[in-house]
Amino acid sequence: MQPCHLFLFLLLLLPGMWADPEEPQVLQLLHTGVFTISSADISVVILLGDVAILSLDPGNWSIYFYWPWASQATAEGDAEKIMSHFKFFLRNFIQYVHETAQQVQLDYPFVIQIRAGCVLHPNKTSWGFVNVAEGGRDLIAFNMEKQHWEPQQPSPLAELTSYGLTSKKAITVFLVHLLSIFCPSYTLTLYNYGRADLERQEPPLATVFALTPSAAQLLLVCRVTGFYPRSISVVWLRDGQEVPPGPALNTSAILPNADLTYQLRSVLAVVPHDGHSYACRVRHCSLGTHSLLIPWENLSTAPTISIIISVLLLVVTAFAGGICWWKCRKGAESTWETQ
Ligand SMILES: *[C@@H]1O[C@H](CO)[C@@H](O)[C@H](O)[C@H]1NC(C)=O
Ligand SMILES: *[C@@H]1O[C@H](CO)[C@@H](O)[C@H](O)[C@H]1NC(C)=O
Ligand SMILES: *[C@@H]1O[C@H](CO)[C@@H](O)[C@H](O)[C@H]1NC(C)=O
């Protein structure tokens with residue numbers, strides 16, 4: 001290797017030379033704790049965007065990595081050190097929750113949810129967040145700018161926890177470090193190790209079919225599935241013009257498939273035989289500048305006619321055949337008779 005090439009090669013290995021994401025990256029930890037008087041069932045998952053990075057085994061709190069690169073990225077820098085202490089954090093957290101529950105006489109069982117993480121923008125700025133909910137309702141949130149906790153509901157529990165946690169300065173300093181230093185740098189490391197999987201693109205498959213709930217209504221369904229990433233555009237065209245949102249148009253939410261791709265369906269209600277042409281148009285980053293255009297073929301009358309014609313032909317042929325057979329037989333019989 002020539003010195004110049006070696007230099008370039010070394011530069012590529014430096015973290016500073018890593019690729020910066022072109023889209024905002026959201027790294028978040030989702031925690032759900034179900035607390036009973038004697039126990040706490042904790043589940044934790046860390047996601048980068050919609051990709052699961054790691055989760056905790058609820059039984060023994062061991063870390064499960066979803067990808068080999070997630071485990072490699074976590075072995076770098078501060079992540080390993082922080083991960084090695086998480087059981088200690090978790091035990092303290094559970095103890096704190098039980099103590100607080102007893103102080104405000106919260107009825108067991110109850111559920112505490114936490115969403116914590118950061119958004120890393122392409123311009124390298126980042127934004128940290130922590131939201132805590134109890135029983136499915138927002139309870140407290142951490143204000144990064146003011147570095148204190150704020151109640152999100154007027155309740156003794158929200159007042160007590162936000163006040164109590166804000167007064168613990170060591171926790172606040174550690175939290176600010178986690179959210180504003182560790183989280184963005186871990187996000188960047190994960191992004192660079194896992195780029196091939198994080199930026200993968202799967203093209204959508206689209207099919208169009210019709211449902212007839214009643215004689216006066218025709219529902220055209222455009223089913224789009226198997227695409228990744230999530231962002232997609234699906235519209236109906238009537239005579240080449242986009243059908244605007246309205247009561248006739250019903251597009252589902254984007255739902256996940258089991259293989260980390262997504263699906264949705266768009267249903268357009270039309271009047272049968274209205275003389276218009278319809279097509280479903282799909283645009284997705286995996287298709288580049290192309291789009292999928294799936295016309296709805298109004299074949300419902302055509303097959304009926306062709307079936308009727310076929311049946312008629314069959315009847316005519318059979319009838320003709322029958323006459324012929326009868327005639328031939330008659331002929332044979334008459335021949336037989338004459339003999
Ligand atoms: C934790 O439990 C899971 C099964 O629930 C098991 O596969 C794993 O090996 C256990 N890990 C440790 C460190 O015991
Ligand atoms: C960085 O980008 C974010 C999101 O686009 C924006 O809100 C923020 O002001 C930008 N910061 C700087 C310093 O440019
Ligand atoms: C849209 O679809 C949903 C689910 O299939 C259904 O519950 C709802 O009534 C539909 N809305 C309209 C306006 O057709």
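As a basis for the values below, the full set of heavy atoms in this structure was taken, side chains included, without hydrogen atoms, waters or symmetry mates. We count ligands from 1, going down the list as the structure has it; atoms in each ligand are counted the same way.
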| Test log, rule salt bridge (charged side-chain N to carboxylate O under 4.0 Å, His left out), inputs K124 and D20 | CA-CA 8 Å; K124 296 201 177 90; D20 288 320; 3.1 Å; yes

| task | Establish, for the pair R223 and F209, whether the NZ or CZ atom is under 6.0 angstrom from the six-membered ring centre and no further than 45 degrees off its axis. | result | no

| said: My understanding is that only one of F86, F89, F93 makes a ring-ring contact (aromatic ring centres under 6.0 Å, His included) with H31; could you say which? | reply: F93

| query | Is atom 14 (O) of ligand 2 in close reach of the protein, with a heavy atom under 4.0 Å away? | reply | yes

| At what distance is the nearest protein heavy atom to atom 7 (O) of ligand 2, and which residue and atom is it? | H121 NE2, 4.9 Å

| request: Would you mind checking which non-hydrogen protein atom is closest to atom 8 (C) of ligand 2, with the distance to 0.1 Å? | output: N123 ND2, 3.8 Å

| task | Specify the protein heavy atom at minimum distance from atom 3 (C) of ligand 1: its residue, its atom name, and the distance to 0.1 Å. | result | D57 OD2, 3.3 Å

| field | Nearest protein heavy atom with distance in Å, relative to atom 6 (C) of ligand 1 | value | N60 ND2, 4.3 Å

| said: I'd like to know if the side chain of W149 and the backbone of E159 have a donor-acceptor N/O pair within less than 3.5 Å. | reply: no

| message | Only heavy atoms of T125, strictly under 4.0 Å: list the atoms of ligand 2 that pass. | response | 1 (C), 11 (N), 13 (C)

| Y278 ring centre to R238 NZ or CZ under 6.0 Å, with the angle to the axis within 45°? | no

